[in-house]
Amino acid sequence: MRAAVCVRAGGPEVLEIRELPVPVVREGWSLVKVEGAGLNRSELRTRQGHSPNVRFPRVLGIECVGTLAISTYPALPEGTTVAAVMGEMGREFDGGYAEYALLPNELLMPISTTLPWEVLAALPETYLTAQGALDALGITPNTKARLLIRGGSASVGMAAASIASGYGIETAATTRQPTKAAALTAAGIDHVLPDNGEPLAPTLRDIWPEGPDYILDLIGATTLTDSLRLVRRGGTVCMAGSLSGWLIPDFEPIAMIPSATKLTAFHSDDYKGTAGAPILQRVINQIEAGIYHPNIDRILNLKDIADAHQYMENNQATGKLVAIP
């Protein structure tokens with residue numbers, strides 16, 4: 001089988017297309033014929049050497065969709081359409097950048113859909129993270145509320161915008177690239193705010209004098225304390241991304257979280273396997289009904305994976321990148 005193998009830590013050039021044996025099935029694991037894999041910035045960081053438990057060479061890819069080629073899971077016969085995310089895919093064991101992936105049964109999410117593979121492949125990690133983050137914030141359909149998405153042109157940000165728009169929520173989103181404003185508006189954002197390094201508060205207060213009720217912070221480390229100051233008193237901030245890194249130096253919760261303001265987080269590993277299956281199916285149903293609108297920047301062949309990583313590293317994408325084996 002063809003696979004994109006990360007041979008060592010480094011730049012996009014360390015991703016090499018190789019012919020590997022199809023993995024041998026063992027008890028508790030099933031073989032998935034991969035039909036598509038979404039690309040994620042976490043894979044970029046793993047490739048760069050920032051995932052300490054990863055041993056190279058490794059087939060990256062924290063998500064994929066496809067069909068069961070060989071199943072050891074009695075409840076899921078061969079031919080079942082499945083998705084899988086996280087659970088150390090592409091880190092502790094080989095992931096979705098391949099024609100076949102051997103995956104633990106507990107990661108398999110059976111789904112029913114008429115969507116084409118390239119659209120389906122854009123959904124699992126992105127939409128499960130977006131949905132989980134909105135759930136963590138406490139946002140529900142027909143909520144009269146104001147939501148700010150920091151890092152709005154990231155694939156998760158655009159998915160969250162799509163869901164929030166379907167909920168009927170007023171939304172604002174930041175972006176560092178003005179050229180992406182039209183795509184954010186098309187995704188359902190009501191107010192696009194340029195993030196040019198200047199304080200965000202004056203622009204935001206012009207729109208919402210009391211601040212947003214909720215902030216979904218996908219940038220994370222460098223913006224979280226500012227988000228806690230921007231949200232209205234008693235509002236909620238959810239950190240569900242780390243575009244600026246993992247750690248917040250000198251974070252002092254009592255000093256930095258205003259009284260009555262709430263801080264929460266969401267990690268997509270919480271929605272892996274059976275926990276995420278009904279949520280992903282609900283998202284798929286909403287997309288098939290035309291309520292949510294997935295944002296795909298480009299679809300590429302597995303052989304172009306190094307170029308796709310460079311594209312991600314240059315922050316050129318607006319929406320999801322999808323690789324087809």
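We count residues from 1, following the sequence as given.
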Under the criterion side chain to side chain donor-acceptor pair (under 3.5 Å), I'd like the reasoning laid out for Lys320 against Thr126: C-alpha separation, chi angles, the key distance, then a yes or no. CA-CA 8 Å; Lys320 192 75 170 180; Thr126 296; 2.9 Å; yes
Which of Leu218, Leu193, Ile189 passes side chain to side chain contact (heavy atoms under 4.5 Å, CB included) with Thr174? It is Leu193
Which of Leu107, Leu128, Asn40 passes side chain to side chain contact (heavy atoms under 4.5 Å, CB included) with Glu63? Answer is Asn40
Hits for salt bridge (charged side-chain N to carboxylate O under 4.0 Å, His left out) against Arg18, two or more places apart or cross-chain, chain-then-number order -> Glu16
- Query: Side chains of Tyr97 and Glu43: is there a donor and an acceptor less than 3.5 Å apart?
  - Reply: yes
All heavy atoms of Ala130 vs all of Ile163, minimum pair found to be CB-CD1, 4.1 Å
Heavy-atom closest pair (Met312 atom, Arg41 atom, distance to 0.1 Å) is O-NH1, 3.0 Å
* **Glu288 side-chain N/O to Thr114 backbone N/O, donor-acceptor pair under 3.5 Å** => yes
Ser227 (side chain) donor-acceptor with Thr223 (main chain) under 3.5 angstrom:
yes
- Does a side chain donor of either Ser162 or Asn295 reach within less than 3.5 Å of an acceptor in the other side chain? no
Closest non-hydrogen atoms of Ala121 and Val322, given as atom of the first, atom of the second and distance, are CB-CG1, 3.6 Å
Taking every heavy atom of Leu204 against every heavy atom of Pro212, the minimum-distance pair comes out as CD2-CD, 3.7 Å
- [ ] Look at the rings of Phe93 and Trp29 and say which category their plane angle falls in: under 30° parallel, 30 to 60° tilted, over 60° perpendicular.
- [x] perpendicular
Donor-acceptor contact present, side-chain Gln177 to main-chain Ser153, <3.5 Å
no
Leu68 and Pro77 have their tightest heavy-atom pair at CD1-O, 3.7 Å
Those residues at least two apart in sequence (or on a different chain) that pass side-chain hydrogen bond (donor to acceptor under 3.5 Å, both in side chains) with Thr274 are none
Can you tell me if Asn142 uses its side chain to pair, donor with acceptor, with the backbone of Thr140 under 3.5 Å? no
